[in-house]
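Residue indices begin at 1 and follow the sequence shown. Quick caveat: nothing in here was measured; it's all calculated off a predicted structure. Values reported hereafter were calculated over all heavy atoms of this structure, with side chains retained and with hydrogens, waters and symmetry mates removed.
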Amino acid sequence: MSNEDKVWQEEQLRVEYVNDRILRKISTLEQEVGKVRTDVVSMRKDFWDEVTMNFSEADDVGETSTSLRQQSQVLSEREKSHQHASAELGKMKRLLQSPYFARIDFAENGEPAEAIYLGIASLLEEGDETFLVYDWRAPISNLYYDSVPGPTSYMTPSGTIEGTMSLKRQFVIRGRDIKLMFDTGVTIGDGLLQQVLSRSSDAQMKSIVATIQREQNRIIRNDKSRMLIVQGAAGSGKTSAALQRVAYLLYKHRDTLQADQMILFSPNPMFNSYVSTVLPELGEENMQQTTFQEYLEHRLGREFQLEDPFIQIEYVLSSEMDDDYAARVSGIRYKSSSTYLDVVSRYRGLLERKEMKFRPLRFQGKEVVSAEMIAHKFYAFDPAITLANRCELLKEWLLKELVAFGRNELDEPWVEEQIQLLDVEEYQRAYQRMKRKQRGKGDSFNDYEDEKTILAKMVVSDRLKPLRRWVKYLRFVDVTKLYSQLFQNQELMQELSTEPLPEDWDIICEQTLMKIRAGELFYEDTTPFLYLKELILGFRSNTTIRHVIIDEAQDYSPFQLYFLKKLFPRARMTALGDLNQAIYAHASVLQQSTTLSELYGEEESELITLVQSYRSTREIVEFTRSMIPGGEAIVPFNRDGEKPVVQLINHAAELHEELIRQIFNLKSEGYEMIAVICKTAAESLAAYEALSPSLQVKLIKKTTLSFEKGVHIIPAYLAKGVEFDAVFIYDGSNEKYTREAERKLFYTACTRAMHLLHIFSLGLPSRFISEADQSTYEEK
């Protein structure tokens, strides 16, 4: 037996040993979980039987309260015990699937060497403190990610541990069997990545701890920076590293940080599904996930019909022939800029002195308090009081005015009419109020006038309830008119602006006001409108969130990022993106790294750049990087494949025949994730209607929530962050992709391919292809 075979056999025996220990641990935990669950169910069922109830005397009330509290605490402890045991059981079941992925042999100075095995969770030998598996987030695990065999050290809470690493070994283990094993030095071995990035891709994102390089480990274990900016090439593992960063932070700060105190802003709902299994695979509960649009809908969806970013980009990509197209694009850029953010911020200062707009309080056609009276009262408050606090004072004053108004309405004819229409239940309510008022003086109404007064008060109070609620929600502040004022009064805008307004400002104003009058908001107006509303009424800050992850950060404007900072004032932020995939019309927050750094200051910000691309073959990366400025900095991983193919097509019928033929061929070869990427949703629908009679295909829309294996037809802007075994560009002609603004969209579409990229062109190919290095692709 060779030495290599002997080592393999020894490691295989250890895998089987550890696997047996995990099975025993699972069995013990299952019994514990079952017992605790039974206890909890029983305690919930018998909860009130165990509580002494007595309210006759003050001391008895105290005894009852103590009894309730004690029983509640016992139940809460048992429920926590059940949750902990269930979470531990879940980790052990995941560990059973793959006990560990790496081994390092480390000898602390003056001590014998110890074999350290790394997995997604720690596992101790029964009745012993010996670790069979170390959690990949433990301090000693840093040796695997940051060090090479030889003298090294790692940091612990108690100080630096120095020593020597003599071995660094990687595994792919499935259940009880080692599928792959090799020793490695400075870099992660090619063999593992060739296994992991093989010709088929799971529908769920692969979280592969073993492929982390030093730069990615810097991302994962950085817990000093308030703002961590990750600029990474397509396929460089930005999202994977960020999610593992979340798992690491949850593990390291497990006493003070919970999963629900972290939130991921992802590019679309489908992406949430795409990454939903990653954290559980890494041994942690899922954090909160949302999109920025979902948050905007939550805050403004009842007031306006909101345009979303996908409707906006559809317009930008397909409506360039519209007369007012240039003005709309100019408006998008201006309203998303830090210049406009400054304008809205200065607007608050002006409103503290003048120009506030209010809605009058009206009741059944009567004006209870006029807008002019409200404005007069507002500016009568001490000018040193903030806008938000003045609005609160105004609310209290208006509620008192409503009380006085209600008293004056008691004898109005409409009140008597409403009393006559009361049903039995409403009379019963009045009777109960009368009983409480009389305090035992009798069991019926003794005085007709008392009865009438109570009924009148009840009627007036009930009818004024919606108006009171309206006042409590500060609806008397006319935020819509305040925002519209920016586009109705050019002198006001010039007073607020330190820079010239866009040349086509008149058309921008007309477009904006027309949209608002229709009860709608452009996407570029939603964040400024909400920001202005928060400045006036008070920010609804979320202080429970401690960490915000922003994926595809290049899609965010400076205005939006600043708003998120204000929304989560106690949170650290991780922004991940690729400037080369900034496909929206507004200026990207990644356009200048200083924009992001300025949010929290240079000292609390750190920029990490990832240039190694793992997703695609070397040939695909060499082709796509030649399309973009600075693309030569992107380093392809050494995984060979076929060159991208550019195929000229004469007409649509031929295109569809070729697509059907080639997709059938790829499916027969075992390709499981295939995409036909179109420029827009309209083009995607046309492609779907042409291909679906002959192929089983799925049309991906902005509302699609799940992502599964198969053939997908998808707009380029929805494919961001997703990868496919094979990609067909539906029409990569110069007619479709020629404007400079479309360069990054085309690049984004092409970089979705892992193994095969085929570009069809109805006519001359896009100039982005012809300008690229011709040696990087083949023509048909």
Side-chain angles (χ1 to χ4, degrees), residues 296 299-300 302-307 324 327-328 330-362 369-381 383 385-391 394-395 470 473-539 559 562-563 566:
L296 293 173
R299 294 298 312 278
L300 295 174
R302 293 183 180 180
E303 300 174 51
F304 294 97
Q305 180 73 35
L306 303 185
E307 181 184 67
D324 295 336
R328 174 72 199 280
S330 176
I332 291 171
R333 289 178 180 148
Y334 179 73
K335 293 173 186 175
S336 306
S337 68
S338 54
T339 300
Y340 189 50
L341 169 64
D342 292 339
V343 166
V344 177
S345 299
R346 281 192 287 272
Y347 190 26
R348 175 177 63 174
L350 182 142
L351 293 175
E352 290 174 346
R353 306 188 309 274
K354 59 181 181 178
E355 301 294 348
M356 275 292 288
K357 303 298 179 185
F358 298 99
R359 297 185 179 98
L361 268 67
R362 290 194 175 94
V369 186
S370 69
E372 292 74 20
M373 286 177 62
I374 298 174
H376 178 76
K377 184 71 176 178
F378 181 84
Y379 285 113
F381 292 129
I385 301 174
T386 64
L387 281 179
N389 286 337
R390 278 193 251 179
C391 288
L394 208 55
K395 177 184 75 174
W470 189 82
Y473 285 124
L474 307 178
R475 298 298 299 277
F476 55 87
V477 180
D478 198 339
V479 180
T480 301
K481 188 174 285 187
L482 285 166
Y483 189 73
S484 299
Q485 193 169 232
L486 292 172
F487 303 93
Q488 292 168 327
N489 186 341
Q490 188 160 335
E491 290 182 4
L492 172 65
M493 277 298 292
Q494 288 171 338
E495 180 183 347
L496 295 171
S497 302
T498 57
E499 296 182 18
L501 296 172
E503 290 183 5
D504 34 22
W505 180 247
D506 289 344
I507 301 175
I508 293 170
C509 291
E510 184 182 332
Q511 290 175 334
T512 306
L513 293 171
M514 187 182 300
K515 198 77 170 173
I516 291 173
R517 290 188 199 106
E520 302 173 8
L521 279 181
F522 284 129
Y523 180 63
E524 61 267 25
D525 283 306
T526 50
T527 304
F529 184 95
L530 183 55
Y531 179 61
L532 177 63
K533 184 176 181 179
E534 302 281 77
L535 287 178
I536 296 168
L537 304 183
F539 247 89
F559 205 133
Y562 180 80
F563 179 81
K566 293 278 288 184

Considering non-hydrogen atoms only, spot the tightest contact between Ser345 and Leu535 and give its length.
-> CA-CD1, 4.2 Å
Asp324 side chain near Ile508 side chain, heavy-atom distance below 4.5 Å | no
Going through the checks in order, is the salt bridge (charged side-chain N to carboxylate O under 4.0 Å, His left out) test met by Glu524 and Arg328?
-> CA-CA 10 Å; Glu524 61 267 25; Arg328 174 72 199 280; 2.7 Å; yes
Residues pairing under salt bridge (charged side-chain N to carboxylate O under 4.0 Å, His left out) where one sits in residues 496-510, two or more places apart or in two chains, turn out to be none
Taking side chain as C-beta onward, heavy atoms only, is Val343 less than 4.5 Å from Tyr340?
-> yes
Flag the pair Leu387 / Leu537 as yes when at least one side-chain heavy-atom distance between them is below 4.5 Å, and no otherwise.
-> no
If you look at every heavy atom in Ala371 and Pro360, which pair is closest and at what distance?
-> N-CB, 3.7 Å
Quick one: are Gln490 and Leu501 in side-chain contact, heavy atoms under 4.5 Å?
-> yes
Heavy-atom nearest pair, Ile516 first then Tyr483, reads CD1-CD2, 3.9 Å
Could you tell me which non-hydrogen atom of Leu361 sits nearest to which non-hydrogen atom of Trp470, and how far apart they are?
-> CD1-CZ3, 3.6 Å
Within 45 degrees of the axis of the six-membered ring of Phe381 and under 6.0 Å from its centre: does Arg390 put its NZ or CZ there?
-> no
Output every pair passing salt bridge (charged side-chain N to carboxylate O under 4.0 Å, His left out) with a member in residues 334-352, not counting sequence neighbours, ordered by first then second residue.
-> Lys335-Asp525
Does a side-chain heavy-atom distance below 4.5 Å link Tyr531 with Val344?
-> yes
When you look at Glu372 and Lys357, which way does the salt bridge (charged side-chain N to carboxylate O under 4.0 Å, His left out) test go after all the steps?
-> CA-CA 9 Å; Glu372 292 74 20; Lys357 303 298 179 185; over 6 Å; no
Any donor-acceptor N or O pair under 3.5 Å, side chains Tyr347, Gln485 = yes
Where is the tightest heavy-atom contact between Cys391 and Val477, given as atom of each residue plus distance?
-> SG-CG2, 3.9 Å
Would you mind checking if Lys481 and Glu355 are paired as a salt bridge, meaning a charged N to carboxylate O distance below 4.0 Å?
-> no
Would you check if Leu474 and Lys395 make a side-chain contact, meaning some heavy-atom pair closer than 4.5 Å?
-> yes
Looking only at heavy atoms, what is the nearest atom pair of Leu351 and Leu532, with distance?
-> CD1-CD1, 4.5 Å
